[in-house]
Q: 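Questions regarding the structure given below will be posed in turn.
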Amino acid sequence: MLAHRIADPRILRLVRMWLEAGILESDEWRETDRGTPQGAGISPLLANIFLHYVLDLWVHQWRRRNARGRVSIVRYADDFVMGFESAADARRMLADLKDRLAKFGLSLHEDKTRLIEFGRLPALTRKQRGERRPETFAFLGFTHYCGWTRDGRFIVKHKTQSKRLSRKLTALRQDARRHMHAPLAEQHNWYASVLRGHYGYYGMPHNWRSLNGFLQDVRRIWFNCLRRRSQKNRRMGWDWFEAVTSSLPLPQPRITHPWTPRTARSR
């Protein structure tokens with residue numbers, strides 16, 4: 001696949017050597033005959049090139065040849081979502097995609113792969129019947145669900161995926177213990193950077209509740225870590241912590257990806 005765009009044999013030889021370098025486990029070298037080196041910088045690059053030919057270009061060809069309605073695909077690394085105007089197209093694609101990936105030694109994740117009704121028309125139909133809104137789906141750390149604006153227009157809303165949030169808080173508690181005995185100013189800078197990074201990615205419209213919930217979780221983690229620093233601090237309560245955060249305030253939730261009516265119409 002690289003040879004389609006790269007003519008220099010030296011580059012191709014270097015990549016081949018990288019793939020055949022093997023792995024080292026418990027001071028023992030093992031030969032590898034498939035895949036890319038785990039943790040190597042070249043691995044995500046090669047994976048994207050591989051899926052570009054195996055998936056992206058093939059989907060565009062399949063759409064021109066077989067689709068009755070519109071077909072769209074959004075892919076990030078090995079995670080992707082596809083949209084179909086026709087349910088028949090979706091069912092046929094699922095069958096054809098399994099065969100396509102099998103030719104290259106790949107398979108779909110059985111727990112993550114499913115067909116659902118999603119979008120404006122399914123949401124409107126269910127609303128008129130008095131039924132619940134369409135199913136949700138998770139992608140890139142967000143749970144995407146059908147919603148309506150205050151003036152009655154359809155919109156796709158996003159909130160932080162609960163599983164991703166739980167994993168992040170677990171890792172944050174472990175990291176917080178390592179910063180427990182650092183000076184207060186240094187701890188504050190670290191917690192503030194965590195919050196700014198979280199808001200920068202998850203600051204989507206209609207996700208305010210999740211952002212504020214994450215802030216409260218971070219406050220509790222910091223409060224508990226400060227109380228564990230010494231026996232004296234264990235007697236301190238929330239009033240004492242509020243005094244600390246008044247002099248060292250944490251960043252408040254903010255929407256970093258503003259919503260516009262134009263964006264809503266395009267969806």
Q: Just by distance, do the side chain of Tyr199 and the backbone of Pro251 share a donor-acceptor pair under 3.5 Å?
A: yes
Q: After noting the C-alpha distance and the side-chain angles of Phe142 and Asn207, does the key distance pass the side-chain contact (heavy atoms from CB on, under 4.5 Å) rule?
A: CA-CA 10 Å; Phe142 289 94; Asn207 196 31; 4.3 Å; yes
Q: Centroid-to-centroid, Phe118 to Tyr145, below 6.0 Å?
A: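 Here the rings of Tyr145 and Phe118 have centres that are no less than 6.0 Å from each other.
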Q: May I ask you to decide if Pro249's main-chain N or O and His188's side chain share a donor-acceptor pair within less than 3.5 Å?
A: yes
Q: Salt bridge or not for Asp217 and Arg220, using N-O below 4.0 Å?
A: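 A salt bridge links Asp217 with Arg220.
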Q: Is a side-chain N or O of His144 found less than 3.5 angstrom from the main chain of Phe139, in a donor-acceptor match?
A: yes
Q: As a test of understanding, state which of Thr256, Leu211, Val218 forms a side-chain contact (heavy atoms from CB on, under 4.5 Å) with His198.
A: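 It is Leu211; the other options fail the test.
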Q: Within a radius of less than 6.0 Å around CG of Asp8, do more than 12 heavy atoms belonging to other residues, nucleotides or ligands occur?
A: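 Yes, the 6.0 Å shell around CG holds more than 12 heavy atoms from other groups.
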Q: Keeping the roles fixed (side chain from Arg173, backbone from Ile221), state whether a donor-acceptor pair exists under 3.5 Å.
A: no
Q: Would Lys168 and Phe214 count as a cation-pi pair here, with the cationic atom under 6.0 angstrom from the ring centre and within 45° of the axis?
A: yes
Q: Would you say Gln161's side chain and Leu140's backbone share a donor-acceptor pair under 3.5 angstrom?
A: no
Q: Return yes when atom CG of Asp27 has more than 12 non-hydrogen atoms of other residues, nucleotides or ligands closer than 6.0 Å, and no otherwise.
A: no
Q: I would like to know whether His4 and Tyr53 meet ring pair (Phe, Tyr, Trp, His ring centres under 6.0 Å); could you show each step before the answer?
A: CA-CA 10 Å; His4 280 288; Tyr53 288 99; 5.6 Å; yes
Q: For the side chain of Arg63 and the backbone of Val71, is there at least one donor-acceptor N/O pair under 3.5 Å apart?
A: yes
Q: Among residues two or more places apart or on two chains, list those pairs meeting salt bridge (Lys or Arg N to Asp or Glu O under 4.0 Å) that have a residue in residues 187-202.
A: none
Q: To the nearest 0.5 Å, tell me how far Leu97 CG sits from Trp58 CH2.
A: 5.0 Å
Q: State whether the side chain of Glu131 and the backbone N or O of Arg126 hold a donor-acceptor pair below 3.5 Å, judged by distance alone.
A: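 Checked: no pair found.
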